[in-house]
2 protein chains.
Amino acid sequence: MINDGKRSGRPRAGEERLSREVILTAALGIVDDEGIDALTMRRLAATLQVNPMSLYHHLPNKAAVLAGLAELVFAGLELPDPGDAVPWDEQLKQAARAYRDGLRQHPNLALQVLSDASAVSDVVVVTMEPFYRALDRAGLAPREIFEAANTLIDFIHGFSLGEASVRAETFELAPDLLTRVRALPAHKAPTLTRIVNELGADGLAYDFDSGFESGLSTWVAGIRR
Amino acid sequence: MINDGKRSGRPRAGEERLSREVILTAALGIVDDEGIDALTMRRLAATLQVNPMSLYHHLPNKAAVLAGLAELVFAGLELPDPGDAVPWDEQLKQAARAYRDGLRQHPNLALQVLSDASAVSDVVVVTMEPFYRALDRAGLAPREIFEAANTLIDFIHGFSLGEASVRAETFELAPDLLTRVRALPAHKAPTLTRIVNELGADGLAYDFDSGFESGLSTWVAGIRR
DNA sequence: CTCCTTATCCATACGTTGTACGATTATGTA
DNA sequence: TACATAATCGTACAACGTATGGATAAGGAG
């Protein structure tokens, strides 16, 4: 078959267009810009101006692309470690905030990232040092450190998942929640009804940042038991 | 076009084969048995012995099927409320355990369920009463109750996500973690290295049940500050 | 240098997916 | 009886992941 203009074989030295890294970076761009559903092998190839099948030389299949993206996100995590200059609880909070911030930078990937068990377990090894150090300084036993770190990570994951599932930065739970609660036969959930009404519409505007800080404080207080 | 045996028009009264409920129940069965990827509109239709396009009369598209499944899972949640017969913290823990158990009954759906913001916000209204009651009995202010409940839910979600991402009931983090940590240049993560080594291989066998209890206790201790 | 293996990219094609469109047949109301 | 509406089916299409195999050049071996 005649080739009309484009060479189709191996590129000349120094002009390789593809590599695992280049492909994953492009994929991350697509996902960040247009969401996870926009990431198809054809779309990815088009972005790179390459034939779809060329991608398969560098990555075995689409699942590998997604796993690679999870890896990328975690690799981008940089947990600042103030060392022993601040109290252990502040050290812990700073690490937790940085972790959440890292996940927040790619909201369209949160689901993929958080559900990739091997990526999650990888990151434990390479970035959890500040967590372990702070908990060690708090005087916990090894087993307690291990479990406390897991628990904190789980909270951050759950929080990030909720945060990513919601489009806007501040999601108005309030009107919804108020409306729904008031639609309930009051005796079905008396305490919930009372609490929500006491809070009123104003008090229910939900802000993720303060929600995160509140959870963090509760959790740290639990460690300090 | 001639119809060979099968009638193709509207079924006679009393023999409707489909309904939203019937479809969703069948879909849940497929997902539970064979995983979320096995759920296709054709497969679903085949299970119901129906033409794929018939499904679209009851549900607008596949996304609606998935959302419906999240709804089903939450609807199946039954949080037992021991009332004031037990201390508030025990009441809270029982509710949390039941919530986790509910999510665990459909591990293949965990991701879908937890990332469906509207389903999550729905469930808050209908099943969170025990959480609110326990926290109210603990003496918290309305705003604190609201935030504490959110935090606990986030923890359970994060925990369940991790649990669902892993196939087996007890996932051996240990060998992996030990191996990985030991492969690290020790100075990169000195505390992590030390803690993991002190724990040793035995101490690292991870059990989800005790991990959950540990997190729950930490969190409750935080509330009791 | 030549020969050969291997790396990189491309063209074609297949099976599967979600679902748009329109036909077909029964129901319920006028 | 006539007709709008509800429920199902048949056909068809575009887009998807990727298997297979061919083209071209790189890089090492002789």
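Numbered from 1 within each chain, the chains take letters A, B, ... in sequence-line order.
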Novice: Between H57(B) and Y56(A), which is nearer to the 5' end of DNA chain D once each is assigned its nearest nucleotide?
Specialist: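 Result: H57(B).
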Novice: In whole angstrom, give the distance that lies between atom CG of L55(B) and atom P of dT19(C).
Specialist: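 L55(B) atom CG is separated from dT19(C) atom P by 11 Å.
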Novice: May I ask you to verify if any side-chain N or O of N51(B) is less than 4.0 angstrom from the OP1 or OP2 atom of dG10(D)?
Specialist: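 It does, given that an N or O in the side chain of N51(B) lies less than 4.0 Å from OP1 or OP2 of dG10(D).
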Novice: Just to confirm, is there a sub-4.0 Å distance from OP1 or OP2 of dA7(D) to any side-chain nitrogen or oxygen of R20(B)?
Specialist: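 R20(B) to dA7(D) OP1/OP2: no side-chain N or O under 4.0 Å.
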Novice: Would you mind telling me which of dG17(D), dC9(C), dA6(D) lies closest to the side-chain atoms of L18(A)?
Specialist: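 From the listed options, dC9(C) comes nearest.
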Novice: Of the non-hydrogen atoms in S115(A) and L111(B), which two are nearest, and what is the gap between them?
Specialist: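 Looking at all heavy atoms of both residues, the shortest contact is CB-CD1, 3.3 Å.
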Novice: Hey, can you pull the residues of residues 33-48 of chain B with a non-hydrogen atom under 4.0 angstrom from DNA chain D?
Specialist: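 Result for residues 33-48 of chain B: none.
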Novice: Check the surroundings of atom CD in E21(A): do more than 12 heavy atoms from other residues, nucleotides or ligands lie under 6.0 Å from it?
Specialist: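 No.
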Novice: Below the 4.0 Å mark, does dA7(D) have OP1 or OP2 next to a side-chain nitrogen or oxygen of S54(B)?
Specialist: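 Checking S54(B) against dA7(D): no side-chain N or O falls below 4.0 Å of OP1 or OP2.
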Novice: Side chain of V50(A), heavy atoms from C-beta onward: which of dG17(D), dA7(D), dC10(C) has the nearest atom to it?
Specialist: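 In terms of side-chain proximity for V50(A), the closest of dG17(D), dA7(D), dC10(C) is dC10(C).
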Novice: Counting only side-chain N and O atoms of H58(B), is one of them less than 4.0 Å from OP1 or OP2 of dT8(D)?
Specialist: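 Indeed, a polar side-chain atom of H58(B) lies that close.
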Novice: More than 12 non-hydrogen atoms from neighbouring residues, nucleotides or ligands closer than 6.0 Å to CD on E34(B), yes or no?
Specialist: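 For E34(B), atom CD is crowded (more than 12 foreign heavy atoms under 6.0 Å).
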Novice: Quickly, which of Y99(B), F159(B), W219(B) forms a ring-ring contact (aromatic ring centres under 6.0 Å, His included) with F212(B)? Name it, please.
Specialist: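 Only one of Y99(B), F159(B), W219(B) forms a ring-ring contact (aromatic ring centres under 6.0 Å, His included) with F212(B), namely F159(B).
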Novice: Report yes if some heavy atom in the side chain of R17(B) is under 4.5 Å from a heavy atom in the side chain of L48(B); otherwise report no.
Specialist: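 Not in contact.
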Novice: Grab the CG-P distance between L59(A) and dC9(C) for me, whole Å please.
Specialist: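 Result: 12 Å.
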Novice: From the options dG17(D), dT19(C), dT12(C), select the nucleotide whose nearest atom is closest to the side chain of M53(A).
Specialist: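 Output: dT12(C).
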Novice: For this output row, return yes or no: ring centroids of F155(B) and H157(A) closer than 6.0 angstrom.
Specialist: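 Centroid distance F155(B)-H157(A): not below 6.0 Å, so no.
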